[in-house]
K.L.:
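Sending over a structure as structure tokens; questions will come in a sec.
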Amino acid sequence: QVQLVESGGGLVQPGGSLRLSCAASGSIFSINFMGWYRQAPGKQRELVARISRGGSTNYADSVKGRFTISRDNAKNTAYLQMTSLKPDDTAVYYCNTDIVRYSSGTVSYNNWGQGTQVTVSS
């Protein structure tokens with residue numbers, strides 16, 4: 001089973017920047033989509049951005065122009081560069097993979113990391 005480990009969260013002032021990383025470990029052959037979701041207190045988890053293995057991206061309207069998702073397939077790692085952060089971006093950010101194929105030939109679906117807290121406050 002893949003393990004997803006997020007890092008890079010923290011406290012930042014409005015207008016600041018953070019870079020999140022999600023490293024996938026295990027005997028991985030390939031990962032289809034890697035994505036970032038977030039969940040604020042009292043709200044549902046929502047998609048922030050996702051990226052295909054080939055580099056196609058999707059963003060939530062609320063983060064377009066401010067956040068950039070990227071990935072390094074050789075390292076099985078995804079990144080989320082967040083700029084012009086707003087208090088409304090405060091949430092726990094979760095990494096997700098939709099389909100992971102392993103060297104053994106097995107497949108796992110819909111894997112989640114443990115989350116990393118991002119707090120935007122002055």
Side-chain angles (χ1 to χ4, degrees):
Q1 187 79 357
V2 65
Q3 283 192 317
L4 303 177
V5 179
E6 301 103 331
S7 60
L11 173 64
V12 64
Q13 292 186 339
S17 300
L18 281 175
R19 188 191 194 212
L20 306 183
S21 298
C22 170
S25 62
S27 299
I28 297 169
F29 176 73
S30 67
I31 301 174
N32 190 31
F33 272 91
M34 298 186 77
W36 289 96
Y37 290 71
R38 66 186 180 188
Q39 187 166 20
K43 294 187 177 181
Q44 288 190 328
R45 191 173 297 189
E46 62 176 1
L47 174 68
V48 176
R50 67 174 193 162
I51 184 168
S52 72
R53 182 169 177 79
S56 297
T57 57
N58 301 101
Y59 293 93
D61 287 343
S62 59
V63 306
K64 283 180 181 177
R66 299 188 299 122
F67 292 10
T68 303
I69 189 170
S70 61
R71 65 189 282 178
D72 183 332
N73 290 331
K75 296 181 179 179
N76 292 320
T77 300
Y79 306 95
L80 185 68
Q81 180 68 48
M82 305 185 293
T83 63
S84 302
L85 282 160
K86 306 174 182 179
D88 283 350
D89 295 317
T90 296
V92 178
Y93 283 69
Y94 296 92
C95 180
N96 173 269
T97 58
D98 65 342
I99 301 171
V100 178
R101 294 178 173 83
Y102 301 92
S103 301
S104 63
T106 58
V107 180
S108 66
Y109 301 90
N110 200 28
N111 301 288
W112 293 92
Q114 82 288 351
T116 185
Q117 177 70 47
V118 171
T119 302
V120 184
S121 175
S122 55

K.L.:
If only atom types and distance count, is the side chain of Gln81 paired as donor or acceptor with the main-chain N or O of Arg19 below 3.5 Å?
P.N.:
no
K.L.:
With a 6.0 Å cut-off (strictly less than), is the heavy-atom count around CZ of Arg101, excluding the residue itself, greater than 12?
P.N.:
no
K.L.:
In the single-linkage hydrophobic clustering (I, L, V, M, F, W, Y; side-chain heavy atoms under 4.5 Å), do Ile51 and Tyr37 co-cluster?
P.N.:
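Different clusters: Ile51 never reaches Tyr37 through Ile, Leu, Val, Met, Phe, Trp or Tyr contacts under 4.5 Å.
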K.L.:
Could you tell me the separation between the CZ atom of Phe67 and the OG atom of Ser84, rounded to the nearest 0.5 Å?
P.N.:
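Reported to 0.5 Å precision, the distance equals 9.0 Å.
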K.L.:
Determine yes or no for a side-chain-to-main-chain donor-acceptor pair under 3.5 angstrom, with Ser122 supplying the side chain and Gln13 the backbone.
P.N.:
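Flag not set: sc Ser122 to bb Gln13 has no pair under 3.5 Å.
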K.L.:
Please tell me whether Thr77 and Asp72 have a donor and an acceptor in their side chains that are separated by less than 3.5 angstrom.
P.N.:
no
K.L.:
Distance check, rounded to the nearest 0.5 Å: Tyr59 atom OH versus Leu47 atom CG?
P.N.:
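Tyr59 atom OH to Leu47 atom CG measures 11.0 Å (nearest 0.5 Å).
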K.L.:
Rounded to the nearest 0.5 Å, how far apart are OG of Ser25 and CD of Gln1?
P.N.:
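Nearest 0.5 Å value for the OG-CD distance: 10.5 Å.
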K.L.:
Angle between ring planes, Tyr94 versus Trp112, binned at 30° and 60°: parallel, tilted or perpendicular?
P.N.:
perpendicular
K.L.:
So for atom CD, which belongs to Gln44, do other residues, nucleotides or ligands contribute more than 12 heavy atoms lying within a distance under 6.0 Å?
P.N.:
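Check fails, neighbour count at 12 or below.
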K.L.:
Could you check whether Lys64 pairs with Asp61 (Lys NZ or Arg NE/NH1/NH2 to Asp/Glu carboxylate O, under 4.0 Å)?
P.N.:
yes
K.L.:
Rounded to the nearest 0.5 Å, how far apart are CD1 of Ile99 and CG of Asn32?
P.N.:
4.5 Å
K.L.:
Indicate whether any N or O donor in one side chain lies under 3.5 Å from an N or O acceptor in the other, for Thr106 and Ser104.
P.N.:
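Thr106 vs Ser104: donor-acceptor pair found between side chains.
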K.L.:
Given 3.5 Å as the limit, does a donor-acceptor pair link the side chain of Asn96 with the main chain of Asn111, or not?
P.N.:
yes
K.L.:
Could you tell me the separation between the OH atom of Tyr102 and the OG atom of Ser27, rounded to the nearest 0.5 Å?
P.N.:
9.5 Å
K.L.:
When you measure from the side chain of Arg71 to the backbone of Ser52, do you find a donor-acceptor pair of N or O atoms at a distance under 3.5 Å?
P.N.:
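Yes: the side chain of Arg71 pairs with the backbone of Ser52.
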K.L.:
What distance separates Cys22 SG from Met34 CE, expressed to the nearest 0.5 Å?
P.N.:
4.0 Å
K.L.:
Under a 4.5 Å side-chain heavy-atom rule over Ile, Leu, Val, Met, Phe, Trp and Tyr, are Leu20 and Val12 clustered together?
P.N.:
yes
K.L.:
Please check if the number of heavy atoms outside Glu46 that lie under 6.0 Å from its CD is greater than 12.
P.N.:
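Correct, the count exceeds 12.
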K.L.:
Is a donor on one side and an acceptor on the other found under 3.5 Å between the side chain of Thr83 and the backbone of Arg66?
P.N.:
yes
K.L.:
Do Asp89 side-chain atoms and Val118 backbone N/O form a donor-acceptor pair below 3.5 Å?
P.N.:
no
K.L.:
Between the side chain of Gln114 and the main-chain N/O of Val5, is any donor-acceptor distance below 3.5 Å?
P.N.:
no
